[in-house]
Amino acid sequence: AQSVTQLDSQVPVFEEAPVELRCNYSSSVSVYLFWYVQYPNQGLQLLLKYLSGSTLVKGINGFEAEFNKSQTSFHLRKPSVHISDTAEYFCAVSGDSGSSNTGKLIFGQGTTLQVKP
Amino acid sequence: ETGVTQSPTHLIKTRGQQVTLRCSSQSGHNTVSWYQQALGQGPQFIFQYYREEENGRGNFPPRFSGLQFPNYSSELNVNALELDDSALYLCATRRLTLSTDTQYFGPGTRLTVL
């Protein structure tokens, strides 16, 4: 079984400050990892994904995440946030291409990023 | 834009009724998954269809069923609606390849059960 824990339900931060949204996962198989963003009354947009290779993954809108297998973490970071980054962020895991769970995304509870002026 | 559309945008039903939600995706996206997102929660996997057959299911009862059509559209059907079925329903589509697993989400259908 797989599970995802997002360690912070809300993260308030001032504009132009750095931010880190924390995500830990558990899985008995190799995984793919994802971060999605959801703006109010919208669907999910993919920010970035880790499938294999380099553990530092760069995504859209200046976000990046680092896969740490030993700590089973996939934290999301941005060096300088904007008001427009205010949204709900979801970390998700799925089994890799050799798994029967590939394509089935398991999501965390979400982290609300509140960027203040 | 993900190229994935869902209809209707909003829907209000009463307990015990049946509902059909629709999803349309890009050409070539042969896999569709449906998710339920309750208010304040992360999405939960309902089931996945590949080449018009169900090939994975989450912890949802049989009154949740689906169909996938050759034209890359799909449906989610829910029978005997319960109050707890009130949620945002998301479909996600992808082209199954060996090297990528990106799913593209639609904007969702907000279902309210009274």
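Protein chains get the first letters and strands the later ones, always in sequence-line order, with residue 1 at the start of each.
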A:Gln42, part contacting chain B, at a heavy-atom distance under 4.5 Å: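 The backbone, not the side chain.
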
In terms of heavy-atom proximity below 4.5 Å to chain B, should A:Leu46 be classed as side chain, backbone, both, or neither?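 The side chain, not the backbone.
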
Would you check if A:Phe107 and B:Phe45 make a side-chain contact, meaning some heavy-atom pair closer than 4.5 Å?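 No - every pair of side-chain heavy atoms lies 4.5 Å or more apart.
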
[X], [Y]: one ILVMFWY side-chain cluster at the under-4.5 Å cut-off?
X	Y	result
A:Leu48	A:Val31	yes
B:Val32	B:Phe60	yes
A:Leu21	A:Leu56	no
B:Leu111	B:Leu67	no
B:Leu39	A:Tyr36	no

Mind running side chain to side chain contact (heavy atoms under 4.5 Å, CB included) on B:Gln37 and A:Phe90 for me, showing each step along the way? CA-CA 12 Å; B:Gln37 186 179 16; A:Phe90 292 96; 3.3 Å; yes

Just do the side chain to side chain contact (heavy atoms under 4.5 Å, CB included) check on A:Lys104 and B:Gln48 with the steps written out, would you? CA-CA 8 Å; A:Lys104 173 185 175 181; B:Gln48 176 176 272; 5.7 Å; no

Can you measure from OH (A:Tyr32) to CD (B:Gln103) and round to the nearest 0.5 angstrom?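 Those atoms lie 12.0 Å apart.
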
Can you tell me how far apart CG (A:Asn41) and CZ (B:Arg110) are? Round to the nearest 0.5 Å.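 That separation rounds to 7.0 Å.
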
Minimum heavy-atom distance between B:Leu88 and A:Gln38, given as atom pair plus value: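 Taking B:Leu88 first and A:Gln38 second, the nearest heavy atoms are CD2-NE2, 3.7 Å.
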
Check whether more than 12 heavy atoms from other residues, nucleotides or ligands sit under 6.0 Å from atom CZ of B:Phe69, and answer yes or no.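 Enclosed: over 12 neighbouring heavy atoms sit under 6.0 Å from CZ of B:Phe69.
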
For B:Arg15, look at atom CZ and say whether over 12 heavy atoms of other residues, nucleotides or ligands are found less than 6.0 Å away.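 Not buried by this count: 12 neighbours or fewer within 6.0 Å.
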
Side chain to side chain contact (heavy atoms under 4.5 Å, CB included) between B:Tyr35 and A:Leu105, worked out: CA-CA 9 Å; B:Tyr35 293 83; A:Leu105 290 171; 3.2 Å; yes

I'd like to verify something: which residue of B:Gln44, B:Gln41, B:Gln6 has the highest number of heavy-atom pairs under 4.5 Å with chain A?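 The option with the most such pairs is B:Gln41.
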
Who among B:Gly108, B:Pro43, B:Pro107 has the most heavy-atom pairs with chain A under 4.5 Å?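 With the most close heavy-atom pairs to chain A, the winner is B:Pro43.
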
